Amino acid sequence: MHPLIVALALVAAAPATVHAQTAEPDPVAGVRSLLARGAGATTEFYGSASTDLTRRVLMSNGKSNIIGSGTKLSGTGKIKLGRAGVIASEHIRKLSIDNKHLVVDEAVKDPYFADLLRTVGTLRTVSVGGWQYQLAPGAKTWVRTGRASGGGAAYGDQFINVLEPATLRKLLSTKPRKTVNPWVKDNTTGRRQQIYTLTGTITLKELYRVSPSFREAAGTSDPGTSEVTWTYMYDDRGWPYRIFWGFDTDQRPGARGLGDGRMPEARTGTQYRNWDRPMTIKAPAATPGRGLAVDELADVLSAPERRE
């Protein structure tokens with residue numbers, strides 16, 4: 001598990017402490033202040049997803065073992081805000097597949113896994129000016145793939161967009177568990193800060209109803225009723241610091257994996273930094289064309305039913 005994901009889990013479990021001389025920030029007001037001034041931020045994101053593909057193999061010692069396949073992703077990016085939300089985003093995403101041969105074999109009969117294989121490597125995406133641009137792994141030229149919101153490049157692996165005030169208010173309305181952490185210095189920015197952590201759950205159906213960016217990413221009007229766990233961390237100004245979501249059928253007996261059972265476990269964490277820095281995102285030189293059919297975790301939600 002990547003250190004960012006571990007940190008999220010550890011902080012969520014940390015005991016609550018209070019800094020007596022600081023008023024508790026309002027996270028919705030904090031986001032609204034960033035929207036009002038057109039702020040921007042840099043991002044780091046890490047995630048993983050397991051598949052339901054398994055195989056029994058014979059080991060060198062004569063014993064058998066069951067192996068599985070899953071994906072790991074990581075990347076960096078930046079976002080630019082406007083009064084209505086994220087107006088531009090840019091991400092560089094790296095994807096790898098463990099035991100890739102299991103996916104290769106399944107791809108013969110399942111188009112979702114065939115398309116997933118095409119995303120292995122480094123994928124670059126930009127959403128700006130109402131258009132989405134993509135530089136596929138191994139490609140040398142950018143393609144303008146179609147219309148998209150400004151957050152199109154940023155919210156697909158990350159299901160939860162806390163920069164939508166309505167979405168953030170919905171999370172807060174679920175009565176999440178809260179912890180308040182001691183004042184510490186951020187090792188990257190050097191800023192001394194206090195982090196507030198909220199942890200709760202929300203169903204994909206509820207998220208779809210309230211979040212425009214999730215509706216865009218899901219690509220279907222029926223994302224299912226699966227419940228995901230989320231952890232939101234914001235600083236003493238009420239500004240976003242980290243957001244994490246996770247789904248695991250092992251924690252929910254009887255639950256079916258995402259995408260007709262293809263994905264029994266998935267998680268993504270996104271770190272926001274440098275809200276004080278000016279941020280500019282420009283469209284690359286590109287030609288119109290078709291983008292990858294599977295270029296984010298949310299694409300599994302609209303995957304076709306599996307053939308036997």
Side-chain angles (χ1 to χ4, degrees), residues 1-37 39-48 73-79 81 86 154-155 157-165 167-202 227-248 251 266-279:
M1 188 177 291
H2 193 277
L4 173 58
I5 305 299
V6 173
L8 285 164
L10 291 176
V11 170
T17 60
V18 178
H19 191 276
Q21 298 179 351
T22 302
E24 186 168 320
D26 179 342
V28 176
V31 166
R32 287 194 179 281
S33 72
L34 294 173
L35 295 174
R37 65 183 181 86
T42 58
T43 63
E44 299 173 35
F45 57 95
Y46 302 91
S48 63
L73 64 92
S74 63
T76 60
K78 52 187 180 180
I79 56 173
L81 305 184
V86 181
Y155 298 97
D157 293 321
Q158 179 52 259
F159 286 9
I160 301 178
N161 183 357
V162 294
L163 297 169
E164 296 168 339
T167 300
L168 182 53
R169 285 196 302 269
K170 176 61 179 178
L171 298 182
L172 298 176
S173 74
T174 63
K175 298 181 180 179
R177 180 168 58 89
K178 177 188 288 186
T179 59
V180 185
N181 301 293
W183 287 81
V184 295
K185 185 172 74 172
D186 186 290
N187 291 331
T188 300
T189 64
R191 181 181 181 272
R192 186 169 173 77
Q193 60 191 4
Q194 187 172 40
I195 300 299
Y196 297 75
T197 302
L198 303 175
T199 301
T201 60
I202 189 171
E227 187 177 69
V228 298
T229 299
W230 58 268
T231 297
Y232 177 48
M233 302 167 67
Y234 56 96
D235 67 15
D236 49 283
R237 299 166 293 188
W239 295 359
Y241 187 65
R242 288 177 183 161
I243 178 66
F244 164 86
W245 71 268
F247 170 80
D248 188 348
Q251 304 298 321
R267 54 176 53 86
T268 300
T270 302
Q271 172 90 54
Y272 297 100
R273 286 195 174 99
N274 299 311
W275 285 110
D276 293 319
R277 292 185 184 178
M279 195 64 61

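This chain uses plain numbering: 1 for the first residue, then up along the sequence. Keep in mind the model is a prediction, meaning the values are calculated, not measured. Atoms considered below: every heavy atom in the structure, side chains included; atoms not considered: hydrogens, waters and symmetry mates.
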Quick one: are Y241 and T197 in side-chain contact, heavy atoms under 4.5 Å? no
Taking every non-hydrogen atom, the tightest pair across P25 and G238: CB-N, 3.5 Å
Can you list the steps and then say if N161 with T167 is a side chain to side chain donor-acceptor pair (under 3.5 Å)? CA-CA 7 Å; N161 183 357; T167 300; over 6 Å; no
Give me the ring orientation class for W239 and W275: parallel if the planes are under 30° apart, tilted from 30 to 60°, perpendicular past 60°. perpendicular
Of T231, L172, V162, L171, the one forming a side chain to side chain contact (heavy atoms under 4.5 Å, CB included) with L198 is L172
Sub-4.5 Å side-chain heavy-atom contact between N274 and T189: yes
Flag, side chain of T42 to backbone of R273, donor-acceptor distance under 3.5 Å: yes
Is any side-chain heavy atom of T174 less than 4.5 Å from a side-chain heavy atom of W230? yes
Nearest heavy-atom approach of P240 to Y272 is O-CB, 3.6 Å
Using modelled atom types only, decide if a donor and an acceptor are shared between the side chain of Q194 and the backbone of N181 within a distance under 3.5 Å. yes
Side chains of W245 and R267 in contact at under 4.5 Å (non-hydrogen atoms): no
Heavy-atom distance under 4.5 Å between the side chains of T270 and Y155, does that happen here? no
What are the two closest non-hydrogen atoms of T229 and T201, and how far apart are they? OG1-CG2, 4.0 Å
Mind checking whether Y232 and L168 have side chains closer than 4.5 Å, heavy atoms only? yes
Rounded to the nearest 0.5 Å, what's the gap from OG1 on T179 to OH on Y196? Could you check? 11.0 Å
Can you measure from CZ (R277) to NZ (K78) and round to the nearest 0.5 angstrom? 11.0 Å
Considering all heavy atoms of both residues, which atom of R32 and which atom of P165 are nearest to each other, and what is their separation? NH2-CB, 3.8 Å
Criterion salt bridge (Lys or Arg N to Asp or Glu O under 4.0 Å) on R191 and D276, from CA distance to verdict: CA-CA 11 Å; R191 181 181 181 272; D276 293 319; 5.7 Å; no
Working to the nearest 0.5 angstrom, can you tell me the gap between E164 CD and L35 CG? 10.0 Å
Looking at every non-hydrogen atom in both residues, tell me the closest pair between I243 and Q158 and how far apart they are. O-NE2, 3.3 Å
Nearest-0.5 Å distance, CH2 of residue W183 to CG of residue D235: 8.5 Å
If you take all heavy atoms of G190 and K185, which pair is closest and at what distance? O-CG, 3.2 Å
Value rounded to 0.5 Å, distance of CD in E227 from CD1 in I202: 9.5 Å
